[in-house]
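Structure first, commentary second.
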Amino acid sequence: MLTSDFDFPFPQNRIALRPVPRGEAKLMVVSKSGALPGDFPLPVKKEGWAFGKTSDLIRILKPGDALALNDTKVLRARLRGRLQGGGACEVLLLKPRPGSESHSVWECLAKPGRKLIPGGKVEFASGFHAEVLEIMPEGERVLRFGIGGDDFLTRLEQVGETPLPPYIRRPVETADAESYQSIFAENSGSVAAPTASLHFSPAMIEDARNKGVGIVKLTLHVGAGTFRPVQTERAEEHPMHSEAYSLPQASTAVLNTVRAFGGRVFAVGTTTARVLETCSDATGMLRPQRGETDLFIRPGYAWKSLDALFTNFHWPKSTLFMLVCALMGTERAKAAYAEAMRREFRLFSYGDAMLIL
């Protein structure tokens, strides 16, 4: 399939620069089958679409369903420093180097890259510095920091900035430290937010529990590769980035039980969907696992483990939009996106949401 098959136009002014309050964003509901049930709790349009706000997700859930949430925590992964030989630089942490148990060695994006050469040193703050170890084939730098472990993470929180995606073209604000983090973020490791999670308020989670909906957590640490465009002519030739994940035994048991008793599994975000599919066998049975996944879900993929996907709107020709197309069909996805833009939905990380049911 051609990467150009997943292109679509959108007005730049629909890119959300700031979020609305949690639960207040617009929601579009689209059925995979083309029709929503007659007892659906939101008004259904003739096209089989429904519209509301993200807090209406709780009305759509039924007792015995489950919400699968990604509990990763976004690091303050953008660092500004001074080169040993003079001059400013900026570094975006990508992921710890495999085998660096103390998290002191990181793969990074850097600019100006030409000045970060092996052996060079960068100071980010007093007592917080790094040495350039190598340049990777795609130009990323490998940096070794002078501290590791919890000390590194603590210092990063003090010195680093919230890593807003590049299409949010404004300076980082104090409020972003909270708004670009889900309310259930626990496990530090992401350099981008699993943005569907940003819509949830404490009241929404509590209302779901009170309704008899299972709340289960898993972890996928989102890497900067999620923003990389697909540049190959044929989509299937795109080298998919890998990301660290973990699906605990307790979450696996709940999700398998929900499916066994006829409940529905709602994956919150494409990251959650990738973990569930990575950990599922051909029958949809989940197994507790941890590791790294480079699963590339695109049209033709045989889904196994989830019944619904709650997600934001995604960039054209991205692996995230391809995942959406794999669930609902490319032409239907494009039509839904076009309708959402006609209704002035806000796009991307701080934007509005879609439920594919």
Discussion item. Under the side-chain contact (heavy atoms from CB on, under 4.5 Å) test against Leu218, which residue among Asp71, Leu286, Leu276 passes?
Written reply: Leu276
Item to complete: Give a yes or no on whether a salt bridge exists between Lys45 and Glu47, defined as a side-chain N under 4.0 angstrom from a carboxylate O.
Response: no
Worksheet item: So, Asp65 and Lys62, do they make that salt bridge, N to O below 4.0 Å?
Response: no
Is it the case that the side chain of [X] and the backbone of [Y] share a donor-acceptor pair, with hydrogens and angles ignored and the cut-off at 3.5 Å?
X: Ser251; Y: Lys217; result: yes
X: Arg14; Y: Met341; result: no
X: Glu277; Y: Lys304; result: yes
X: Asn256; Y: Ala253; result: no
X: Arg332; Y: Ser31; result: yes
X: Glu107; Y: Leu94; result: no
X: Lys211; Y: Ile58; result: yes
X: Ser190; Y: Ala193; result: no

For [X] and [Y], which I'm curious about, is there any donor-acceptor pair between the side chains at under 3.5 Å?
X: Thr278; Y: Thr293; value: yes
X: Ser242; Y: Glu292; value: yes
X: Thr72; Y: His221; value: yes
X: Tyr245; Y: Gln289; value: yes

Can you give me the closest heavy-atom contact between [X] and [Y], atom names plus distance?
X: Cys108; Y: Leu93; value: SG-CD2, 3.7 Å
X: Glu90; Y: Arg80; value: OE1-NH1, 2.8 Å
X: Tyr180; Y: Pro163; value: CE2-O, 3.7 Å
X: Lys317; Y: Thr3; value: CG-O, 3.6 Å

Practice prompt. Check Arg97, Arg141, Arg144 against Glu134 for a salt bridge (charged side-chain N to carboxylate O under 4.0 Å, His left out) and give me the one that passes.
Written response: Arg97
Practice prompt. Specify whether Trp315 and Phe348 have parallel, tilted or perpendicular ring planes, treating 30° as the upper limit for parallel and 60° as the lower limit for perpendicular.
Written response: tilted
Item to complete: May I ask you to decide if the ring planes of Phe128 and Phe124 are parallel, tilted or perpendicular, using 30° and 60° as cut-offs?
Response: tilted
Item to complete: Taking the six-membered ring of Tyr350 (Phe, Tyr or Trp), confirm whether the NZ or CZ of Arg346 is under 6.0 Å from its centre and within 45° of its axis.
Response: no
